[in-house]
Amino acid sequence: MLANTRGFLWSDVETRALLHIWGEQDVQTALDGNFRNSHVYRDVAGRLGEMGFDRTPEQCRIRVKSLKRQYYQAKEGSRRNGHYHRVCKFYDEMERILSGRRSHGDAPDPSDVSAPVGDEDEDEEEGGAQKPGLKEPYTDSAGECSFTQQPVKLEYSSFPIPASTSNGAALSQSSAQTFSSPSASRPRRTKKRYSNLSLDKLMERLLEQSTVAEENFYKHEEQRLQLEDRRREAEHARELQMLQVLGQMFSGISSHSTSTAAPPTQTCPPHSLPHRHEQAPPSARPLVIERSFSLGGSAPRNMDSLLPLVRSIIPPLTPRKHKGQDGRIGIIGGCQEYTGAPYFAAISALKVGADLSHVFCTKDAATVIKSYSPELIVHPVLDSADAVQEVDKWLPRLHSLVVGPGLGRDDKLLRTAKDIVEKSKARGIPIVIDADGLWLVAQQPSVIHGYQKAILTPNFMEFSRLYEATHRKPVETSDIGQTALQLSMAMGNLTVVLKGAEDIITNGSSVIVCSHEGSSRRCGGQGDLLSGSLGVMAHWAFSAQGDTAKSVSPAMVAAFGACALTRQCNRQAFHKHGRATTTSDMIQEIGTAFQKLFES
Ligand SMILES: NC(=O)C1=CN([C@@H]2O[C@H](COP(=O)(O)OP(=O)(O)OC[C@H]3O[C@@H](n4cnc5c(N)ncnc54)[C@H](OP(=O)(O)O)[C@@H]3O)[C@@H](O)[C@H]2O)[C@@H](O)CC1
Ligand SMILES: Nc1ncnc2c1ncn2[C@@H]1O[C@H](COP(=O)(O)OP(=O)(O)OP(=O)(O)O)[C@@H](O)[C@H]1O
């Protein structure tokens, strides 16, 4: 550094450098009419530093303020006796700068020595008191008058400076040698509580307080988490207890249904597949157990009884597992027209918790689907000559299949899909059939008939096609639960999820209705989210150990979980996006919806 910058002493060289910077047009413009000036003085101090003078912004501000006071006092004095240079050494520099500024319409009242507060006062305490340690008690040069808030002795006493108060009353002559600061002659405003603390002290105190606050926050947070843990443990224990009761209940029901159920004539479809009895389970005489479910709605008991079943199939996240163990899911679908549907299904499967998600689609769909997401493994094989062999190569690695989203209705593709279904059945892989996969089933129900690891997820239109194909008559809607149950039976008691305002889930012997609150927004692709999620949950349910999932059919548990999740996503997305909700918005909600339903 070039100059002595210790304490508050300002050498003339340093002061001139300061005035040079402060007088620059951009600094004056920045100060002009700007109440907050700390940033300007930061800049000034920076520039001063570049010139070799180490000063803080606050020191610069105080120094300028002092110079301005001296200048105005001197100016007033000069009106009487012309000795202004004796009380303001830098009068000429100040005059040059401030007169330039006044020409911009910023003229303070020269008769008021307190006038030049303006832009230098921003950081000062109320009442005009300067911060201790920041006031400028000295100058290094004789002949320069400093200003403090205390009565000050004028260096050139033989030239009294009559100063006016702000209301214009002249100070008495007797006070010529000493005069009170403007603040002393005005009613002083109440000092702030910290006015006697330096800025550094204030900052220190603030930091201390925020550290204490932070520590308190973490302490409370820790207590909250401990409480939360305890609550979870208690809930978990309660769920386990309930599951045991449920398990006993269901085993009681199934033995009851085989012995005392109503005669089959009441519920069996009048028209059914020729070979439908071949694989029908003993519960072909159905007992309908209808449960409705609405979170926060009228049936909390049912919510309590079904959610734990879904929770029980969810594999825990543990560091001991390797990639792939929680699910490798395959989607059969995706053609030139439809690239969104297989993407929605595949990405939903991943987001629900599958580790790997494969899409087997046509060549021209593959690039498009890949471009949607690097997360998906996309095989452009479905329209190749050896499509079935290509997919078959992967089947040993796959835990479940979702057949149909965006498959289209091209005969060749449908034939390929049929062969893939056959191969998958032979391997015992759970198969979810949706969209155009259901079109295939409506054409050839035998493709999937009686396969207990199949789940069909028709919307009403698809359901009607299936019903008509199996019953040879229009769908009966007066008791849609019963009609769905009939379809399931006709298909060999595989699980049917009839999607709609309420999702009806049946395996031909019982019906579960999922009426969990969604929203009124319907957009293409919601069914794909459901089928993709169901792909994962079906794998989890069929591979779940223990009695829990076995007490209710694993497919039903998985279906209920996927329906509740889809609806929860719909609800959450609608809450955020309203009418503009799309399936992509719903997919964004999978993580939190899953947590809310199954992990909280
Ligand atoms: N972004 C994409 O790539 C997407 C691609 N997708 C893919 O499109 C392919 C064809 O699937 P799809 O569902 O459009 O065909 P299909 O079953 O013939 O239905 C056609 C007509 O049925 C009716 N209808 C539907 N629901 C009904 C209901 N609940 N209740 C009553 N009627 C109902 C309705 O008739 P409308 O009212 O228009 O007269 C509808 O237009 C398939 O591969 C699928 O995966 C979709 O996943 C969407 C996102
Ligand atoms: N009227 C409704 N009210 C509330 N939720 C509904 C309604 N209809 C459908 N859903 C929800 O949307 C999910 C998907 O059903 P949707 O009828 O949209 O399937 P989809 O037509 O096969 O869909 P996609 O457009 O993917 O082909 C259902 O499982 C259900 O959760």
Side-chain angles (χ1 to χ4, degrees), residues 292-295 297 331-348 359 361-362 364-365 368-369 372 382 402-410 413-414 417 432-443 455-469 474-475 477 480 484 495-505 512-535 537 558-574 581-587 589-590 593 597:
S292 65
F293 165 67
S294 180
L295 197 66
I331 311 294
I332 309 292
C335 61
Q336 196 181 25
E337 292 93 334
Y338 307 121
T339 53
Y343 161 76
F344 291 144
I347 198 78
S348 299
V359 178
C361 59
T362 63
D364 43 12
V368 182
I369 297 170
Y372 296 152
L382 224 47
V402 180
V403 179
L407 179 65
R409 290 170 195 172
D410 173 81
L413 288 181
L414 291 174
V432 176
I433 303 194
D434 187 32
D436 298 319
L438 294 171
W439 176 268
L440 168 69
V441 173
Q443 311 305 308
I455 306 173
L456 310 185
T457 56
N459 61 28
F460 184 75
M461 183 62 117
E462 291 154 346
F463 178 82
S464 308
R465 281 189 210 115
L466 290 170
Y467 189 89
E468 282 164 25
V475 69
T477 55
I480 198 71
T495 300
V496 173
V497 180
L498 170 54
K499 299 175 291 190
E502 291 184 323
D503 294 324
I504 296 167
I505 304 161
I512 295 174
V513 179
C514 179
S515 53
H516 180 57
E517 189 185 331
S519 83
S520 308
R521 173 69 173 139
R522 306 267 68 79
C523 56
Q526 294 184 22
D528 305 315
L529 193 164
L530 173 73
S531 62
S533 312
L534 184 50
M537 291 200 177
F560 180 80
C563 288
L565 181 69
T566 305
R567 300 170 82 97
Q568 178 69 23
C569 289
N570 185 242
R571 177 186 183 171
Q572 288 181 200
F574 187 77
T581 300
T582 61
T583 298
S584 297
D585 300 322
M586 288 171 60
I587 288 169
E589 300 298 321
I590 289 178
L597 286 175

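Order of listing sets the numbers, starting from 1, for every ligand and every atom in it.
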If the cut-off is 4.0 Å to any non-hydrogen atom of [X], which atoms of ligand 1 fall inside it?
X	result
Arg409	15 (O), 16 (P), 17 (O), 18 (O)
Leu407	43 (O)
Gly406	42 (C), 43 (O), 44 (C), 45 (O)
Asp528	45 (O), 46 (C), 47 (O), 49 (C)
Ala435	42 (C), 44 (C), 45 (O)
Phe460	28 (C), 29 (N), 30 (N)
Pro405	45 (O)

Given the protein's heavy atoms, is any one of them under 4.0 Å from [atom]?
atom	answer
atom 45 (O) of ligand 1	yes
atom 40 (C) of ligand 1	no
atom 20 (C) of ligand 1	no

According to side-chain contact (heavy atoms from CB on, under 4.5 Å), who are the partners of [X], at least two apart in sequence or on a separate chain?
X	value
Ala593	Leu565, Gln568, Cys569, Gln572
Thr566	Leu529, Leu530, Met586
Ala346	Ile331, Ser357, Val359, Leu376

Quiz item: Taking the non-hydrogen atoms of Gly525, is any one of them nearer than 4.0 angstrom to ligand 1?
Solution: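 Right, Gly525 reaches ligand 1.
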
Quiz item: Considering only heavy atoms, which of Arg522, Met461, Gln526, Arg465 lies nearest to atom 18 (O) of ligand 1?
Solution: Arg465

Self-check item: Protein residues having a heavy atom less than 4.0 Å from any atom of ligand 2
Solution: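 Ligand 2 pocket, heavy atoms under 4.0 Å: Asn459, Lys499, Gly500, Ala501, Asp503, Ser519, Arg522, Gly524, Gly525, Gln526, Gly527, Asp528, Leu530, Arg567.
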
Self-check item: Lys499 bridged to Asp434 by N-O distance under 4.0 Å
Solution: yes

